[in-house]
Number of protein chains: 2
Amino acid sequence: MDIRQMKYFHAIVKYKTFTKAAQLLHISQPSLSSQIKDLEKELGCVLFERTTKIVSLTEAGINFLKLITPILEQENRIYQEMEDLKEIGLKKVNIGILPSQVFLLPKIILQFKKKYPNIAINIFEMGSKDMEKSLEKYDIHLGLTSPISYSKFLTYLPVYEEELFIIAPFDHPFKTYSHITTSDLIGQDFISYKEGYSLREILLKVCSEAGFKPNIMYECGRLETIRQLVISGMGIAIVPENYIRFAISDKMSIIKIVKSDIRRPLNIIMSKDRHYPKPVHDLKNYFFDFFIETS
Amino acid sequence: MDIRQMKYFHAIVKYKTFTKAAQLLHISQPSLSSQIKDLEKELGCVLFERTTKIVSLTEAGINFLKLITPILEQENRIYQEMEDLKEIGLKKVNIGILPSQVFLLPKIILQFKKKYPNIAINIFEMGSKDMEKSLEKYDIHLGLTSPISYSKFLTYLPVYEEELFIIAPFDHPFKTYSHITTSDLIGQDFISYKEGYSLREILLKVCSEAGFKPNIMYECGRLETIRQLVISGMGIAIVPENYIRFAISDKMSIIKIVKSDIRRPLNIIMSKDRHYPKPVHDLKNYFFDFFIETS
DNA sequence: ATTAATATATAGGTTAAAGCTATAAGTTAA
DNA sequence: TTAACTTATAGCTTTAACCTATATATTAAT
């Protein structure tokens, strides 16, 4: 099967005769007949009921018509989109980012937009696991993440290591603490990120450092939800430095964790086997510089 | 551009080297290189960044990958579906029917299912105009309709002529009438089908017979809505015989229109230039017989 | 630095298939 | 019966997909 044959078939459906279709396709009528014959042989069923006066579609032909239509449409789209791409070079940059880091985007995006006003930035919020998958599927150009595993298809560029904090309800005993050590956390109820998010791994690591398993009351994928649950008194949660720096912090206590070696590494991750256009590299560097400046 | 080339491209993406991909495709490495080169020339952009050690996708390559994926998927589907069709011959029959006639379907479908238990019947309710369009697009095999125009691509098989009735609110003066003549309708408020439905044309014809233009209070596409509006006292409506025969009739008055030559013709319509399989012809005959039996 | 290994690209010839012209065979309408 | 129109067949030509052999380029190891 062949797009060319599909187009031939389509033309016959449109013009209702082989002869007319062949003319419009700029091929001879015998060639067209022969191609349709080959196609029918390959599919194992007759597509047209031919008489000398009229050509009609068989049931199989109708089905085939319905099946090839999206292919022909998509083929046209390919030519158009590749043409667009040639002119602009790059239409949009897709970036993956952890929910805890979205707050630092405005500054970076502003910087990027100044240099590349015509390139759109698409932001995809997701956890560490999904970010690696998205990169491998070429859905995003680069990601800012805290890796929980390492893929050989990706490059990991460390940019920062975040301190960790505890957020607690306003009336929680922790409100009087100036800082927290890991052993203070024993016996507390926790709100945690779900599987595939690095903060979950961090929580487990921190607790295992103090020698206990955390009592996780609730798991979710959105930082805002965690904040609401903490405020409402369901438990305490671990959050990273950048969340504290940029998020609204009223109605809850924020206490730093000290005397722990555990930090949350932030990496920019990119595909190894992908050639990136300049704007993407620039964006990567803006991220990198941002962390150097603010640390 | 060519599905074969798309498959070649896809294989290189998958196996990351030309040599490996060529092996899996059962062609030589130079042939594969040449094909990709041709493809790149046609598209006007480079798809791979090649070094001897690694092959990486360019931005254009990523885009191309995303664009061809649906085509490759659809191609597989074509082979599968055409294979299925060969075995079963016909998987489903699509019929178009007027909303006013759906009530007579159960009996006909039962009859059809007895003979063809493995063929599904898809029912599409629509107005006369849409039914002709659907037939011409091969979306339905046959339609039961009351034609408001005649297309040279369709065959029209008259099967019945319906009497016409008026439905009116329960407290409407018509409730005492044993029958209605067209002149009785002067000055009434009407609920009508919208453009493209034959009952709208019928209403206009009936009123013009009595020499006036109807005052249409509300237009809609669903018979059930019309019934509700009539019951709630918004106006009266013309309905055909088969609606009266099979629909629930409480909470409103139903009065026959007499001394009018106007009937509502019911036709089975089919494509002229389409080869129909036997089950469709049988279904057509079931419709035909049904009307002979019940008239 | 040199060499071995491994990758893609190029050159030139072979083969398969898509194309052509000419003509046959079938159908409809005058 | 014939003229006009259709699709199908026969046989040849041309295009392009494919091959092998070899060149070129890069990496890794000696």
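Just so it is clear, the values below take in all heavy atoms, side chains as well, and ignore hydrogens, waters and symmetry mates. Lettering of chains follows the sequences in order, A, B, ..., and the numbering in each one begins at 1.
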Just the rounded figure in Å: distance from P of C/dT8 to CZ of B/F9. 15 Å
Are there more than 12 heavy atoms of other residues, nucleotides or ligands under 6.0 Å from atom NZ of B/K113? yes
Does a nitrogen or oxygen in the side chain of B/S31 sit under 4.0 Å from OP1 or OP2 of D/dC19? yes
I need the CD-C1' distance between B/E49 and D/dA25, as an integer number of Å. 15 Å
Without hydrogens or angle criteria, can the side chains of A/S128 and A/S146 be said to hold a donor-acceptor pair below 3.5 Å? no
Presence of salt bridge, B/K133 and B/D139, under 4.0 angstrom: no
Name the nucleic acid region contacted by B/Y8, choosing base, sugar-phosphate or nothing; use a 4.0 angstrom heavy-atom cut-off, strictly under. sugar-phosphate
What is the distance from CD of B/Q29 to P of D/dT20, rounded to the nearest Å? 12 Å
Tell me whether the OP1 or OP2 atom of C/dT10 has a side-chain N or O from B/K37 closer than 4.0 Å. yes
What nucleotide, of D/dT7, C/dC20, C/dT8, holds the atom closest to the side chain of B/T19? C/dT8
Mind calculating the distance between NZ (A/K7) and C1' (C/dA18) to the nearest angstrom? 15 Å
Which protein N or O atoms sit under 3.5 Å from an N or O of nucleotides 10-16 of chain D?
none

What is the distance, to the nearest angstrom, from the CD atom on A/E40 to the C1' atom on D/dA8? 12 Å
Think B/S28 has a side-chain N or O under 4.0 angstrom from the OP1 or OP2 of D/dC19? yes
Does a nitrogen or oxygen in the side chain of B/T17 sit under 4.0 Å from OP1 or OP2 of C/dA7? no
Between atom CZ in A/F18 and atom C1' in D/dC5, what is the gap in whole Å? 15 Å
Is the phosphate of D/dT6, meaning OP1 or OP2, less than 4.0 Å from a side-chain N or O of A/R50? no
Could you check whether atom NZ of B/K37 has more than 12 heavy atoms from other residues, nucleotides or ligands sitting under 6.0 Å from it? no
How are the rings of B/Y276 and B/H141 set relative to one another: parallel (under 30°), tilted (30 to 60°) or perpendicular (over 60°)? tilted
About how many Å separate CD1 of B/I268 and CE of B/M270, when rounded to the nearest 0.5 Å? 8.0 Å
